[in-house]
Amino acid sequence: DYGAFKAGEELTYTVHYGWLDAGTAVLSLNESPYDFEARKAFHVVGTGTSLGAFDWFFKVRDRYETYFDQNGLFPYRFVRDCDEGGYKIRQDYEFNPKKSVVSTEKGDTLLTPVFVQDMISAFYYARTLDFSRARKDDIYEIPTIVDGEIFPLKIKYVGKENISLRTGKFRCMKFVPVVQEGR
C-alpha cells in the first residue's frame, strides 16, 4: 500500500480559458475486475470533455483507460480513444512487464525500459515518488510510452504554494511539465 491513492478515488479538474470554463477532466480509480497473471490491478478511466461555447467550435470527447499493477505500479493495458475537434486517435497497448515489451494495436512490438508507464499510469506512479528532499528546480523523469514512442516524461519541482479551493486552503507542492520541443 503506497498510501498516495486508493480505489474509489475520483479527481475532477476544470479547464479554464481565461475566466470561462472550457472543459472538464475526470480520473476515476477503482479495483480492476480482472487479475493479470494472478496479480491484482487498478483500473483508471479518464475522460475529457469540452463545455459550453467551446463545445460548439472545438468539441473534445476523450477517453483513456489503464490497468496497472496494485503493488508494482506498472501497466498491463492502456486504451486511448480521443476525438478533439475532429482529430481522432485510437491506441490500444498491451504491456508485458516480464519481457519489457509493449504490443500496439497496429501489431508493432516495442522494447521498453523496465516498468515503463503509460500516459495515465505515470500520473499515479509520480504520486508515489518520495519528494521529501525535493529542492526547487529538481527534475524527475518517468519512462513513458507516448504515441508509440518511449518518451522520458519529466516534471520539475518549482516549490510550495498555498491554494484555495471550495473545500479549504491547502499547502501544496507544485510541479510543471518539462515540455519536449515539438510536442
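On a predicted model such as this, the values are computed, not experimentally measured, just so you know. Residues: numbered from 1 along the sequence shown.
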Check your understanding: Under 6.0 Å between ring centres, would you say that holds for F95 and Y76?
Key -> no
Review point. Is I139 close to I155 at the side-chain level, that is, under 4.5 Å between some pair of heavy atoms?
Key: no
Check your understanding: Would a distance-only check, ignoring hydrogens and angles, find a side-chain to backbone donor-acceptor pair under 3.5 Å from S32 to A41?
Key -> no
Revision key, fill the gap. In this structure, CD1 of I89 is separated from CG of D81 (nearest 0.5 Å) by 10.0 Å
Revision key, fill the gap. So CZ of R77 and OH of Y93: to nearest 0.5 Å the spacing works out to 12.5 Å
Review point. Do V26 and L11 come within less than 4.5 Å of each other through their side chains, counting heavy atoms only?
Key: no
Check your understanding: Should K156 and E141 count as an ion pair when the cut-off is N to O under 4.0 Å?
Key -> no
Check your understanding: Salt bridge or not for K59 and E84, using N-O below 4.0 Å?
Key -> no
Review point. Are Y157 and M173 close enough that some pair of their side-chain heavy atoms sits under 4.5 Å apart?
Key: yes
Practice item. Would you mind checking if D69 and R39 are paired as a salt bridge, meaning a charged N to carboxylate O distance below 4.0 Å? Key: yes
Review point. How about Y140 and F131: are their ring centroids closer than 6.0 Å?
Key: yes
Review point. Is D21 close to H16 at the side-chain level, that is, under 4.5 Å between some pair of heavy atoms?
Key: yes
Point to revise | 4.5 Å side-chain heavy-atom contact, C82 and Y64 | key: yes
Exercise for review: Flag the pair E31 / H43 as yes when at least one side-chain heavy-atom distance between them is below 4.5 Å, and no otherwise.
Suggested key: no
**Study point:** Note, T112 side chain near I150 side chain (heavy atom, < 4.5 Å)
**Key:** yes
Point to revise | Atom pair CG/CD1 of L129 and I142 - distance to nearest 0.5 Å | key: 5.5 Å
Check your understanding: Distance-only, no hydrogens or angles: does the S132 side chain make a donor-acceptor pair with backbone N or O of D130 under 3.5 Å?
Key -> no
Review point. So if you build clusters from Ile, Leu, Val, Met, Phe, Trp, Tyr with side-chain heavy-atom gaps below 4.5 Å, do L110 and F78 land together?
Key: yes
Exercise for review: Rounded to the nearest 0.5 Å, what's the gap from OG on S28 to CD on E10? Could you check?
Suggested key: 3.5 Å
Review point. Is the centre of the F68 ring less than 6.0 Å from the centre of the F74 ring?
Key: no
Point to revise | Aromatic ring proximity F5/Y124, centre distance under 6.0 Å | key: yes
Point to revise | From L73 atom CG to Q117 atom CD, the distance as rounded to the nearest 0.5 Å | key: 7.0 Å
Revision key, fill the gap. So OG1 of T66 and CD1 of I120: to nearest 0.5 Å the spacing works out to 7.5 Å
Check your understanding: Salt bridge or not for K88 and D62, using N-O below 4.0 Å?
Key -> no
Practice item. Check for a donor-acceptor pair, side chain of R80 on one end and backbone N or O of Q91 on the other, with a separation under 3.5 Å. Key: no
Check your understanding: Do N162 and R171 touch side chain to side chain, with heavy atoms closer than 4.5 Å?
Key -> yes
**Study point:** Whether over 12 other heavy atoms sit under 6.0 Å from F57 CZ
**Key:** yes
